[in-house]
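Below is one structure, written out as structure tokens; the observations come after it.
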Amino acid sequence: MLALCWFYCIPFAKFLYFASGLILLVFALFMLKRGVMLARPKLRQWALALMFVCLIKICIFDVNMIGRELLCTVNEELSEMGCNKRGLQVFQFVALLALIAGSYVLFLTHRRYSNADKPSQLTPKDIGLSFWSNLSVVSVIAMVVWQCAPWVGFLTVGRVPEVFVH
């Protein structure tokens, strides 16, 4: 049982650890969308805070562990850097640059959505509702006439007009 857990549970736990940051990031994106659509500033702030926490987890912890995994265990004999301090520093520097770039994007997103007010109420004249309602009424009337015309023609004249047969 221990061997089965070692071969199946440990890789699955590693997968969950690495995927948790991305899953929470997608959840935070849905939170941000919901906060924008409902004009709820607290929900937007919580979503951006969760995105920042996910970004820190991914850029600091995940990249460091993936770097050690790639340099020290998987690619030890193929990599010219191998498992040394210089290779890990390169991974950490790239992660720091990604953290700075991601933080800047989150800052711009926060500035964009921080003063988003509730959208004003739209009137039917603003969206052309009268045009679309009149068009639907006319199209329903035309469909009813087109469906009933063969029956009315058959009952009054005795035959279905040729227009409706084709």
Side-chain angles (χ1 to χ4, degrees), residues 1-137 139-140 143:
M1 191 64 158
L2 183 63
L4 283 175
C5 189
W6 182 262
F7 286 111
Y8 293 110
C9 297
I10 302 299
F12 185 67
K14 279 185 178 179
F15 166 74
L16 284 180
Y17 173 76
F18 288 124
S20 65
L22 294 174
I23 291 169
L24 285 176
L25 189 65
V26 170
F27 178 71
L29 287 172
F30 280 112
M31 279 176 59
L32 181 66
K33 176 187 167 265
R34 188 78 174 163
V36 170
M37 296 298 285
L38 295 178
R40 296 182 60 191
K42 286 290 184 190
L43 189 60
R44 290 191 301 257
Q45 288 175 354
W46 279 105
L48 290 170
L50 184 60
M51 283 185 207
F52 186 67
V53 168
C54 293
L55 189 65
I56 288 174
K57 182 208 178 282
I58 291 170
C59 290
I60 292 178
F61 299 111
D62 292 353
V63 171
N64 195 16
M65 287 184 64
I66 289 174
R68 283 201 173 109
E69 184 83 22
L70 287 175
L71 291 177
C72 295
T73 58
V74 175
N75 240 358
E76 189 175 36
E77 61 273 348
L78 299 177
S79 175
E80 61 269 358
M81 286 189 261
C83 187
N84 61 17
K85 193 173 182 177
R86 179 82 171 145
L88 291 175
Q89 286 177 346
V90 170
F91 268 91
Q92 290 170 351
F93 181 72
V94 170
L96 179 65
L97 291 178
L99 179 64
I100 292 170
S103 299
Y104 182 70
V105 168
L106 282 177
F107 174 71
L108 292 178
T109 306
H110 181 267
R111 277 188 33 200
R112 180 176 178 190
Y113 292 119
S114 63
N115 8 345
D117 294 329
K118 190 170 186 168
S120 61
Q121 288 287 349
L122 296 175
T123 62
K125 288 182 182 179
D126 293 338
I127 56 174
L129 188 60
S130 60
F131 169 74
W132 291 107
S133 63
N134 291 338
L135 182 67
S136 13
V137 167
S139 62
V140 166
M143 185 181 69

| request: Quick one: pull up SG in C59 and CD1 in I100 and give me the separation to the nearest 0.5 Å. | output: 10.0 Å

| query | Quick one: does M31's side chain get under 4.5 Å of L43's, heavy atoms only? | reply | yes

| message | Test side chain to side chain contact (heavy atoms under 4.5 Å, CB included) on L50 and L25; report intermediate values, then the result. | response | CA-CA 7 Å; L50 184 60; L25 189 65; over 6 Å; no

| said: Would you compute the distance between atom CZ of F27 and atom CZ of F30 and round it to the nearest 0.5 angstrom? | reply: 10.0 Å

| message | For the CZ atom of F18 and the CD1 atom of I23, what is their distance to the nearest 0.5 Å? | response | 13.5 Å

| said: Within the structure provided, determine whether L29 and M51 are in side-chain contact (heavy-atom separation under 4.5 Å). | reply: yes

| remark: Separation between CG (L55) and CD1 (I60), nearest 0.5 Å, reads 8.5 Å

| What is the distance from atom CG of D62 to atom CG of L22, rounded to the nearest 0.5 Å? | 7.5 Å

| said: Rounded to the nearest 0.5 Å, what separates atom NE2 in H110 from atom CG in L48? | reply: 6.0 Å

| task | Kindly indicate whether a cation-pi arrangement holds for K57 with Y17, taking the cut-offs as under 6.0 Å to the six-membered ring centre and within 45° of the axis. | result | yes

| message | I'd like to check L99 versus I58 (side-chain heavy atoms, cut-off strictly below 4.5 Å). Are they in contact? | response | no

